[in-house]
Amino acid sequence: MMFSAMFNDLSRWRGLYTEARVECRRDLRMPDTLIATLSFPAFFYAVFALMFDFGGDEFDGATYLLATLGAVGVIAPAMLGCATVLANERRSGWLELRQALPLPAGGWLLAKLTSTLMLALLALVPLILLATVFAGVRLPLTDWFGLVSTLLAGLVPFAILGLAIGRYGTERGAGALANLIFLPMIFFSGLMIPVAMFPEPVKQLAIWLPAFHLGELALHQMGMREGSTAGHWLALATWSGIGVAVALAPVWWPRGGFPLQRSTRTVVKDQ
Amino acid sequence: MTGDTLSEKPLVRLEQVDCRRGGREVLKGLDLEVHAGEVFTLLGPNGAGKSTTVSLILGLLRPARGRISVLGHAPGSLAARQATGAMLQAGSVPVGLRVRELVELARAGYPDPVPERELADLAGLDGLLGRDWDRLSGGQKRRVLLAMALAGNPRVLFLDEPTAGLDVPAKRELWNTIDALREAGRAVLLATHDMTEADALTDRVLLLQHGQAVALDSADGLRERIPDRRVRCRTALSPTEVADWPEAGHVRRHEKRLEILTPQAERLVARMLRTDPELSELEVRAASLEEAFMHLTDHEQNTREAA
């Protein structure tokens with residue numbers, strides 16, 4: 001009995017480790033994912049911070065954009081990546097086959113989170129290089145660590161929102177919907193242009209968007225914001241809760257009759 | 001293995017199982033037992049309930065009523081999953097993975113997995129381990145899925161349409177593997193609508209239609225349930241002429257031969273020989289499993305309609 005429990009524990013850990021490793025390797029082999037992840041925030045940083053000297057003499061644009069585009073860099077793989085991957089794996093039947101294997105229940109989620117963290121970290125590397133080498137951003141080591149860890153911790157609600165989107169619809173549909181939410185969200189959250197530059201009614205919108213709160217947390221780490229960060233963390237936790245509720249709605253819906261779920265679930269060819 | 005020699009304790013048991021999907025009843029009062037060392041086939045047309053049955057046993061679906069046990073465990077429990085392997089109909093894998101990674105992933109969950117090299121030999125993965133899944137042919141993908149199903153050295157193997165889309169040599173190769181597994185004492189539950197496959201592999205067949213069991217027997221037993229035999233010959237007689245005879249059932253011309261399905265083969269052959277002394281290449285054989293299937297499902301349909 002004791003040996004059986006030990007074996008199960010061992011195979012559980014092996015399952016978790018293998019799934020996470022395989023997922024990371026797969027992401028590293030996908031050139032389109034890698035290029036998009038690495039180049040998207042770095043490109044905008046190069047254009048706005050280096051070419052156009054964003055901020056000018058009024059404020060430190062290079063540091064500001066390092067924080068906000070860093071947030072963009074971690075949100076993109078979390079939200080877009082999780083949405084398309086879940087939609088693809090759900091529709092292809094892999095989730096069913098995986099469920100029949102004795103792999104640990106949380107292994108899939110852990111693997112996705114690990115690979116998302118890896119991609120997010122990779123997205124920050126070129127950004128940090130551009131900021132330090134070309135824009136002359138200098139920070140104490142603790143601030144660098146604080147920025148990176150805040151951004152990585154802050155990607156969790158976006159990964160959950162991505163999974164909530166991927167729970168419904170096809171791979172293309174989920175990808176398109178995730179982009180449709182992602183692009184306006186990062187713009188209106190002040191991650192490309194500071195919220196202060198928006199007209200008043202648009203400024204009010206930002207506070208309702210999760211990306212705004214991650215941006216504010218990153219700016220706080222850079223010493224560009226003061227006061228408590230609790231409100232921003234609470235906002236991100238609330239958005240995580242909303243994501244979980246949307247993702248699990250079909251499970252909780254009475255008698256399994258959730259409208260979106262019925263039209264988009266995995267097609268079983270033969271009943 | 002026949003019904004008489006089945007081992008005492010079934011590895012898989014379903015008792016009075018009902019299942020509803022999308023508000024529709026897809027399985028009604030299903031009973032079945034799968035024993036060690038047998039290939040048990042679920043045979044039926046599309047929509048009969050074969051894949052639903054497999055999904056229920058794997059714990060992917062929950063029954064509305066009835067009991068299911070897999071080696072004495074609840075379906076979908078860790079103990080049940082560690083003792084079984086599945087090759088599913090919709091079992092595609094995520095893009096971007098290599099064969100070795102898929103095998104590694106499947107092996108990772110089992111306490112005592114089959115070594116990679118042995119698994120590759122068993123499923124015929126020679127030279128495929130380093131390849132990308134996306135670049136494999138249909139047959140190669142099936143072999144990888146089989147390797148994943150065999151990764152934990154399962155006592156019960158579930159195969160849902162395992163040879164769909166395979167060419168004849170690949171199909172034969174997979175059949176040989178299934179035969180070897182049966183010889184090794186494993187139980188195989190096969191869901192298929194391929195009659196040749198069912199005929200070639202099966203010890204017992206459960207015929208399903210509209211979610212209900214129509215018949216449970218060996219392939220030979222099912223064939224014997226229909227009185228018709230198939231008479232084929234080369235003859236100058238026309239199909240319409242023979243069709244008018246009371247001894248003849250369904251008549252058709254096939255590849256320059258006349259083919260007649262009849263419950264009175266001896267009388268029909270005697271009359272044909274009298275009428276056409278030039279008759280040649282005469283063959284009389286039992287009805288095929290497909291004919292038995294058609295007969296039994298038609299009979300069931302007529303009974304339902306009459307009711």
Side-chain angles (χ1 to χ4, degrees), chain A residues 3-33 84-86 88-105 107-108 111-112 171 255-257 261-263 265-271, chain B residues 19-24 26-27 44-55 58-60 76 78-98 101-102 104-113 132 145 148-149 151-152 158 160-161 164 191 193 211:
Chain A
F3 279 115
S4 154
M6 270 174 59
F7 270 128
N8 279 337
D9 266 359
L10 197 68
S11 57
R12 181 182 165 75
W13 286 112
R14 196 176 53 205
L16 290 172
Y17 167 70
T18 307
E19 200 163 6
R21 187 164 50 87
V22 164
E23 187 70 27
C24 290
R25 273 195 197 167
R26 176 174 79 138
D27 280 346
L28 288 175
R29 268 204 304 268
M30 297 186 123
D32 46 350
T33 308
T84 49
V85 163
L86 175 58
N88 169 272
E89 295 188 4
R90 193 173 54 80
R91 302 285 291 192
S92 71
W94 167 245
L95 290 187
E96 257 190 352
L97 183 59
R98 192 204 168 278
Q99 209 181 327
L101 290 167
L103 288 167
W108 186 89
K112 297 295 175 256
E171 187 185 8
R255 292 187 295 279
Q261 178 73 357
R262 185 178 293 174
S263 60
R265 72 175 177 212
T266 301
V267 176
V268 176
K269 291 174 199 160
D270 171 45
Q271 291 175 331
Chain B
C19 183
R20 298 183 68 81
R21 297 182 77 175
R24 200 167 60 90
V26 289
L27 277 185
N46 289 335
K50 306 185 296 289
S51 295
T52 299
T53 307
V54 173
S55 295
L58 290 171
L60 304 176
L78 183 64
R81 283 182 293 145
Q82 285 185 336
T84 56
M87 182 175 166
L88 298 183
Q89 192 181 340
S92 189
V93 305
V95 290
L97 290 183
R98 297 216 167 118
E101 289 166 343
L102 284 166
E104 202 181 338
L105 208 50
R107 292 177 67 246
Y110 293 98
D112 187 19
D132 286 345
L145 290 173
M148 292 174 74
F158 301 97
D160 196 356
E161 307 283 0
H193 55 222

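As the structure is a computational prediction, the values presented were derived from the model and not from experiment. In the text below, chain A, chain B and the rest are named by the order of the sequence lines, each starting its count at 1.
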**Asked** Looking at B:L97, B:V54, B:L58, B:T84, which has the largest count of heavy-atom pairs under 4.5 Å with chain A?
**Response** B:L97

**Asked** Are any non-hydrogen side-chain atoms of A:L101 and B:L105 less than 4.5 angstrom apart?
**Response** no

**Request:** Indicate yes or no: does A:R25 engage B:E101 in a salt bridge with an N to O separation below 4.0 Å.
**Result:** yes

**Asked** How close do A:E89 and B:P94 get, heavy atom to heavy atom, and via which atoms?
**Response** OE2-CB, 3.5 Å

**Any A:M30 side-chain heavy atom under 4.5 Å of B:V95 side chain** = yes

**Message:** Between A:P104, A:G107, A:A100, who has the most heavy-atom pairs with chain B when the cutoff is under 4.5 Å?
**Reply:** A:A100

**Message:** Is A:R14 in contact with chain B via its backbone, its side chain, both, or neither, using a 4.5 Å heavy-atom distance?
**Reply:** both

**Prompt:** With a cut-off of 6.0 Å (strictly less than), are more than 12 heavy atoms of other residues, nucleotides or ligands near CG of A:D32?
**Reply:** yes

**Prompt:** Tell me, side chain or backbone of B:R107 under 4.5 Å from chain A's heavy atoms, or both, or neither?
**Reply:** backbone

**Prompt:** Can you name the nearest heavy-atom pair linking B:A108 to A:L103, along with the distance?
**Reply:** CB-CD2, 4.2 Å

